[in-house]
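Let me begin by presenting the structure, written as structure tokens, before commenting on it.
Lettering of chains follows the sequences in order, A, B, ..., and the numbering in each one begins at 1.
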Number of protein chains: 2
Amino acid sequence: MYRTHTCGELRISDVNKEVTLSGWAAIVRDKGALLWIDLRDRYGITQLVMDENYTSKELFETARSIGREFVLQATGTVIERASKTNKIPTGEIEIKVTELKILNASKTPPFTIQDDTDGGDDLRMKYRYLDLRRNAVQKNLLFRSNLAIESRKYLAGIGFIEVETPNLIKSTPEGARDFVVPSRMNKGQFYALPQSPQTFKQILMVAGFDKYFQIVKCFRDEDLRADRQPEFTQIDCEMSFVHQEDILNTFEGMTRHLFKNVLNIELGDFPRMTYDEAMRRFGSDKPDMRFEMEFSDLTDVAKGKGFPVFDSAESVLAICAPGCAGYSRKQVDELTEWVKRPQIGAKGLVYVKLEEDGSLKSSVDKFYSQEDLKQWAERCGAKTGDLLLVLCGEEEKTRKQLCELRLEMGTRLELRKAGDFKPLWVLDFPLLEWDEEENRFFAMHHPFTSPKPNDIPKMESNDRQVLKSMRADAYDLVINGSEIGGGSIRIHDRDLQARNFKLLGFTQEEAEAQFGFLLGAFEFGAPPHGGIAFGFDRLCSVMNGASSIRDFIAFPKNNQGRDMMIDAPDAINPKQLEELGIKIVESKP
Amino acid sequence: MYRTHTCGELRISDVNKEVTLSGWAAIVRDKGALLWIDLRDRYGITQLVMDENYTSKELFETARSIGREFVLQATGTVIERASKTNKIPTGEIEIKVTELKILNASKTPPFTIQDDTDGGDDLRMKYRYLDLRRNAVQKNLLFRSNLAIESRKYLAGIGFIEVETPNLIKSTPEGARDFVVPSRMNKGQFYALPQSPQTFKQILMVAGFDKYFQIVKCFRDEDLRADRQPEFTQIDCEMSFVHQEDILNTFEGMTRHLFKNVLNIELGDFPRMTYDEAMRRFGSDKPDMRFEMEFSDLTDVAKGKGFPVFDSAESVLAICAPGCAGYSRKQVDELTEWVKRPQIGAKGLVYVKLEEDGSLKSSVDKFYSQEDLKQWAERCGAKTGDLLLVLCGEEEKTRKQLCELRLEMGTRLELRKAGDFKPLWVLDFPLLEWDEEENRFFAMHHPFTSPKPNDIPKMESNDRQVLKSMRADAYDLVINGSEIGGGSIRIHDRDLQARNFKLLGFTQEEAEAQFGFLLGAFEFGAPPHGGIAFGFDRLCSVMNGASSIRDFIAFPKNNQGRDMMIDAPDAINPKQLEELGIKIVESKP
């Protein structure tokens, strides 16, 4: 037996007990006649003590040979500490060691195993097994494990069945790029790894499973941005005989349950907003609702006053930064530079300060009277001491730029508070999204999303604007500006699905080849159904106010899709290629 | 709202309630003036009734248009049935329908949606969404979902953390064949899908996670036998600071919990047996312990009496079939033919009948006296009325053949009772397995398994027999003759791991290239650790006394590794191949 207790559980009430602990030497302090070791495991830290007065010379020598991260087994008596600490739960006791065994030695780690480590990203990824020893990272993965347990508890508790769908499926070019897997038994053919279990969960509804969920790995071979991973995890759900309302209520319930049971936070209202409204008021389909700073449209009052920049703009939009009228020239210049960075791309920034004396001071004073500016301020609901920030240009772009500026101001004004969680349902997403490059429509959610019943007659229109105006029974759950879940009511009628495929540019043959099994299934009694999928990695990070999902993934890949620890991907054996019947195309020099 | 109740919940106490149900038309019975529909969903069946006396003509016409598997929504009043049935829980009531809506039509299914369907395997696989509607299949997947929930409940309850390990890892030729995934961002390189999270769970132990588990998909590109799938699920577990005893106790606990909480069965003892003993007594490392019929070794008493077949055999082994002395000539001949089939491969079968009159009758009477045969019978513990069945030949082969014969006799004598569960730990597996074809040793469990401490000095031996005699801290959990779990104490010392790789024929460079990260991790304080993995699909089937794991997988693949429903694998787009930098090698005509 390697231990009688963990390193986190002994208390003052255990004094005089004979115990054996195992763990890692976090810190060794050698004061000559006295030597202390902080012994660490997942559960905590317990101090070991050795004293020349009672510790054998041999044991003392063993102790002196111990370096950081050695694995030890120590037996001894629990005693009360002379100098107690309340920094750790075991801080009132220590172990007077009578036996000490080195279970394994350790080289000196390349970085310190502490909350604020000195290891850079690359080093930490390469030595992930050491990085994972840090309390901060272990805490994140414990959180994740716990969140999964509570998700399952909630869903199983209301009758959902977890069904495992296959990972070796078929490549469907619609949507993101698939990872593919060459088949040895069917040479020249490939499986694909699922981007989501979408069609399988719909098949399960056709099969009568009624309420399905799965916490499941999904795969997308995309160029990786800082916060994307080639493999990621979803809480994937589907229900039969439901309208949108049933789904919103069910998953509002789950979200409340998770916040309550994992974070002990009671979430407030889950307000609802249409996509159009969200875009108009916040320039985003995932607005951060922890603060207001809504958009005001100044186009009609700002144009036609002789300021050429506004006059030639499609849209003039403003936000009101409360209490910022005192911003210095330098501060405003800095903000202007900020919006002009290529990531934002604005041409410039116009401001209006509502001074304490009641006057309005603006960068466009010479084009606009005090009356004009007052009209702007009124429309923005600004009051004395506030600062209007105005952007202009093509409507869609200006919205996006102002959305970024709003978030930046929210951050600067500390309105996006950690620990404050504001959920929002965004509803009625457009059915279609026009792709300029490919000159065709794509499904905004996915090809199985149901148009709103009133919009179905528009499906055969030849007018791009009419098609763009179609709305879907599609919804996103947004928390603090992050989309944590999205879903839709699905099409369950074969003909409607066929019409939707046609709208997306599928020939009948293509639709049949890729999704024939689903169209077929719809012919044998498909029930009305719909669902949602939560980004599980994202949910973890949002609930912890963290910026990156990587901190919640045990073995993440870097931006080149590499696992730095195991050094994958890697070349494979020529015999393997031969068995698979594939060849690597030598790249041109 | 599509329904107020499910089709499984209305009872006599609900009479007079106005309800709305949704589901599938399982059966439509049209008796002219009366029409009944059995409405089915996952939860049960409720009878709808329409009566010319009170049902509108229009509604009646709708009802008459309904075929099997139509999706319906029915509103009406719960009434007491005239002719009640106790075959279904809703059998005391029916719904007097006032509104009936066809939510979706259905073509006539290609097979009946019943427990004993008329669909062949191929048809059922192709129309899996219909097959999955059958109660028998739904029950299996509900069982599976429930078993996963209980597994997680038990493990989380004793401090295990579920950690998701990556699916895109590195190919390691040792062991079974990997599925590989070409990398687009790192052209010419490949990921591999994990055969198990083995190295990652060990890394998690080095990282201090202490107790890890995961219910996880694993992948093996093997030629598929009837009961193997290219993707399968494991309950994968690992613990730090443990000896074998700790692991056996922990997972005996889990197994008891699952049987108790999912099947309501209290398992009896978990006896333990070494690999050598299991092979000697039952000719198998996974003996079915529901019945005895142990092997007796007759070699010393059967040889040297002039029967050339036995005289030239390495081993003469027998089992005693209780109460079978009355077997007719035909029965014995038939058994002889059975052992001579190529799947078994015995040359012949010798029998000894212990007749009621005390005499012994044998097929080798002319070589053996009554005294000789009595000695055999005594050694086999046979009594009057029993039948000895004797095989001979090369020891290992004879054991395998007799093992098959034992199982066959157990089946014929109905000693392998459904609902009777007999667990067994098989311990002390050999460390190495000699491969005649490759002329080298392979790890019997895997290359990370620890040799028994006493056997470590044998590792550098050049004597094949000495190496063969090495035993490992490796164990299997067997229930009713099926291996449901297997594991080992792992090596945690870098040098020992390097010596083991060498023993398995790895050069230092190969070991470094494939497992350098693990060897590296062992240098930074690896704790003693060990683990186990349960075959989750197998566990489902064993607990249900089923013969195939396929019945417990929602979307299984056939023996050619194909998903018949979605028709995968399939050809992919030339653009995809180009992006991946690979080419299909045209097979020679």
Does the side chain of [X] reach to within under 4.5 Å of the side chain of [Y], using non-hydrogen atoms?
X      : Y      : result
B/K170 : A/D567 : yes
A/V181 : B/D221 : no
B/L21  : B/Y2   : no
A/V137 : A/R128 : yes
A/I572 : A/L577 : yes
A/Y191 : A/V180 : no

Sub-3.5 Å donor-acceptor pair from the side chain of [X] to the main-chain atoms of [Y], do we have one?
X      : Y      : value
A/K557 : B/L168 : yes
B/D178 : B/T172 : yes
B/W24  : A/G525 : yes
A/D563 : A/A568 : no

Heavy-atom cut-off 4.5 Å, strictly under: side chain, backbone, both or neither for [X] against chain A?
X      : answer
B/R134 : neither
B/L103 : both
B/S183 : side chain
B/Q202 : neither
B/K575 : neither
B/M185 : side chain
B/I102 : neither
B/T6   : neither
B/I113 : neither
B/K107 : both
B/I149 : side chain
B/E578 : neither
B/Q73  : neither
B/F70  : neither

Engaged part of [X] at the chain B interface, taking heavy atoms whose separation is under 4.5 Å:
X      : answer
A/D131 : neither
A/I161 : both
A/F536 : side chain
A/T108 : backbone
A/L580 : side chain
A/K187 : neither
A/A105 : backbone

Which one wins on heavy-atom pair count under 4.5 Å against chain B: [options]?
options                        : answer
A/G188, A/G581, A/A192         : A/G581
A/R144, A/R494, A/E69, A/E523  : A/E523
A/A25, A/G520, A/P230          : A/G520
A/F179, A/Y129, A/F517, A/F219 : A/Y129
A/I553, A/T233, A/N146, A/L72  : A/T233
A/R40, A/Q560, A/K126          : A/Q560

When you check the gap from the basic side-chain N to the acidic O, do [X] and [Y] get nearer than 4.0 Å?
X      : Y      : value
B/K153 : B/E162 : no
B/E164 : B/K201 : no
A/D246 : B/R3   : no

Please report the closest heavy-atom contact between B/Q138 and B/R42, naming both atoms and the distance.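 B/Q138 and B/R42 have their closest heavy atoms at OE1-CG, 3.6 Å.
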
Polar side chain donor-acceptor pair, A/Q189 to B/R562, under 3.5 angstrom: yes

Between [options], who has the most heavy-atom pairs with chain A when the cutoff is under 4.5 Å?
options                        : value
B/I169, B/L518, B/I215, B/N573 : B/I169
B/P527, B/A554, B/A571         : B/P527
B/A521, B/G561, B/S171         : B/A521
B/N186, B/V206, B/I566         : B/I566
B/K211, B/M205, B/Q514, B/E245 : B/K211
B/M1, B/M565, B/R177           : B/R177

Interatomic spacing from CG in A/L204 to CG in A/D210 - rounded to 0.5 Å: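 It is 11.5 Å, given to the nearest 0.5 Å.
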
Can you tell me how far apart CG (A/D493) and CZ (A/F522) are? Round to the nearest 0.5 Å. 8.5 Å

Centroid separation under 6.0 Å, is that true for the rings of B/H529 and B/F241? no

